[in-house]
Each structure stands twice: as C-alpha cells, then as structure tokens.
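Contents: one structure, followed by commentary.
Order of appearance sets the numbers: ligands from 1, and atoms from 1 within every ligand.
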Amino acid sequence: MNLPFPNQLIEALKNATHIAVLTGAGISAESGVPTFREAQTGLWAQYDPQELATPQAFRRNPKLVWEWYAWRRELVAKAEPNPGHLALVALESKVPQFTLITQNVDGLHERAGSQAIIELHGNIMRTKCFENGRLVNSWPATNDVPPHCPHCGGMLRPDVVWFGESLPYEALETAVASTQTCDIFFSIGTSALVQPAASLPIKAIQAGAITVEINPQPTPLTTHVDYALTGSAGSVLPALVAAAFPPA
Ligand code: APR
C-alpha cells in the first residue's frame, strides 16, 4: 500500500463537496465473489464468463447460462460486505454529496449500507422475462430450467446487463452527470476495459476532477489518474478514509 497517503489527496478529501466512485468486481473479490477476468474454478472452470454473459449464449443454451447465474447467485447470497464496501459507507457519511456507481450485480454495496447507488449492470438477485423485459418476483414451481414467465410463458433470465446489451438509460445518464460534476472521482477494483463504464473516469478527468484509482494491478487508467493507489480495496480504502477523517 502507498502509505502515507499524499497530503494533497487527504486535504482534497476533507474539502470535497461531491465524491463520485466507480466500483467493479475487484471490490467484491475480498468477499469471495470471483471477478470476471480471473479463471473460474471447480464446476465452471472450463467456461469463460465473457462467453456465458451474452444474449447469444442464453439463446444457444439457456439452461447452462441460467445454472451459471444460479451458482453465482448462491455465492453472492453467502458473501458478506468487506471492509472496502464498509469504508465507502463511512465516506458517504462524511461528504455533502456522494454518488456510488457500480458495475457489480451482487448488491453488496446496498447490503453494506451505502445509500446513493447507481447499478449500471443490474442486479443478479432480480429476474426478468427474456422476451418482454418485465421484472418478475415469482413464477410457478416446475422443473423447467430456466423457469418461465408467469405472464407470457417466455424464458426467465437474470436482470443483469449482458455483453452487447444497452445499459439502463437513466442509470447511465445519472452516472455521467455525477462524473462530470464531482470534485473527486474514484475508480476502484475495475479493469477499466468494459464500455461504457470505462469511459466514466476519462469523463471525470476531462471535467477537471481529481482522480484516484485503487487496484492491486495496473489498468489502462493507471497512468492517467492523479493518484494510483496500489493495493486491495479492503486495505487501502479503510486506511484512506481513516487518514482523511480520523475517528474522534
Ligand atoms: N481490490 C481492488 N481491486 C481488485 C482486487 C481487490 N481486492 N482484486 C482484484 N482487483 C482488480 C483486478 O486487478 C481487476 O483490475 O479488480 C479488477 C476486476 O476486473 P474485472 O474482473 O474485469 O471486473 P470489472 O472491471 O468489474 O468488469 C466490468 O465487465 O464482465 C463484465 O459486466 C461485467 O461488470 C462487469 C464488467
């Protein structure tokens, strides 16, 4: 970890009026939720997540894709928010305006207690109809995998954004607006590769925000931010928040 943190960064955090944060799979890694670009283990080792998370894959083999998400849903249900998620809850309470933009579908930010969350890629715990997009809370118990929509009989799928699909319009608009009006922008635990989320840090830089990346590995963004903090979110974030806002 890069200790001590630069004084200018600590002062900027203390004086911030609006902090926007973009998170990716890396922030949930320490909760035991696998990231997208690391090799899968066990049952799913032979599959590339990027080839399962598409409408084409679902059309080709809906049972396989449904079961992969059922497995991920189970992992997420068992996972607990980690110190990285909790540090963001603490940070939200310290600044006048805070926007948490996440690419994660695991709902761990919400379970940690974050308030202003924009879910860019949906939520794995929700289910919708593949045919008409309608959200569905329950469906008749049958042995069908995937189960069927109680309204139209179409196949059900998770309410997440797959590769090649559009992001929810309002969520993206709000995320872009926050990115362009915040004074500090964090990119945490994301490979900064998948568009359009990957363009948000660039928009923040263009709008003049102070930019900070937290990631144990370099990404395409690392050389462009003001502060690249090398380390895991679960260790860097709590230390950074404690340095800027020491407990009384
Ligand atoms: N703390 C911080 N960052 C971490 C940690 C950690 N403990 N562990 C791993 N990372 C970093 C990795 O170095 C990597 O840069 O998290 C990043 C995870 O990258 P991805 O798996 O590509 O996840 P993400 O950027 O969220 O992917 C974006 O792509 O697959 C789609 O829709 C999916 O939302 C996902 C999107």
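- Donor-acceptor pairing under 3.5 Å is lacking for the side chains of Thr17 and Gln97.
- Of all the atoms in ligand 1, the ones that sit under 4.0 Å from a non-hydrogen atom of Gln217 are 13 (O).
- When the heavy atoms of Ser191, Pro216, Pro34 are ranked by distance to atom 19 (O) of ligand 1, first place goes to Ser191.
- In this structure, Phe58 has its ring center no closer than 6.0 Å to that of Trp66.
- For ligand 1, one of its N or O atoms has an N or O atom of Gln103 under 3.5 Å away.
- The proximity of Thr190 to ligand 1, defined as any non-hydrogen pair under 4.0 Å, involves the side chain as well as the backbone.
- Counting only non-hydrogen atoms, the option in Asn215, Leu193, Leu237 that gets closest to atom 14 (C) of ligand 1 is Asn215.
- By the 4.0 Å N-to-carboxylate-O rule, Arg126 lies close enough to Glu119 to be salt-bridged with it.
- Relative to atom 6 (C) of ligand 1, the option among Ala198, Ala192, Gly26 with the closest non-hydrogen atom is Gly26.
- The backbone N or O of Ser114 lies less than 3.5 Å from no partner atom in the side chain of Arg111, so there is not a single donor-acceptor pair.
- Taking any N or O of Ala25, backbone or side chain, at least one lies under 3.5 Å from an N or O belonging to ligand 1.
- For Phe163, the heavy-atom gap to ligand 1 drops under 4.0 angstrom.
- When heavy-atom distances to ligand 1 are checked against a 4.0 Å cut-off, His121 comes that close only through its side chain, counted from C-beta outward.
- Relative to the six-membered ring of Trp68, Arg73 misses at least one condition, a distance below 6.0 Å or an angle of at most 45° to the axis.
- Salt bridge annotation for Glu165-Lys128: absent, with no cationic side-chain nitrogen under 4.0 angstrom from a carboxylate oxygen.
- Screening Val21, Ile117, Val89 against His109 for a side chain to side chain contact (heavy atoms under 4.5 Å, CB included) leaves a single residue, Ile117.
- Near Gly24, meaning under 4.0 Å from one of its heavy atoms, ligand 1 places the atoms 26 (O).
- Shown here for Val33 and Arg72, the closest heavy-atom pair between the two residues is CG1-NH2, 4.3 Å.
- For ligand 1 and Ala29, the ligand atoms under 4.0 Å from any heavy atom of the residue are 8 (N).
- Set against the non-hydrogen atoms of Gly189, the atoms of ligand 1 under 4.0 Å away are 2 (C), 3 (N), 16 (O), 17 (C), 18 (C).
- Every atom of ligand 1 with a heavy atom of Glu30 under 4.0 Å away is listed here by number and element: 1 (N), 6 (C), 7 (N).
- Checking each of Ile210, Ile19, Thr99, Leu22 against Phe185 for a side chain to side chain contact (heavy atoms under 4.5 Å, CB included) leaves exactly one that passes, namely Leu22.
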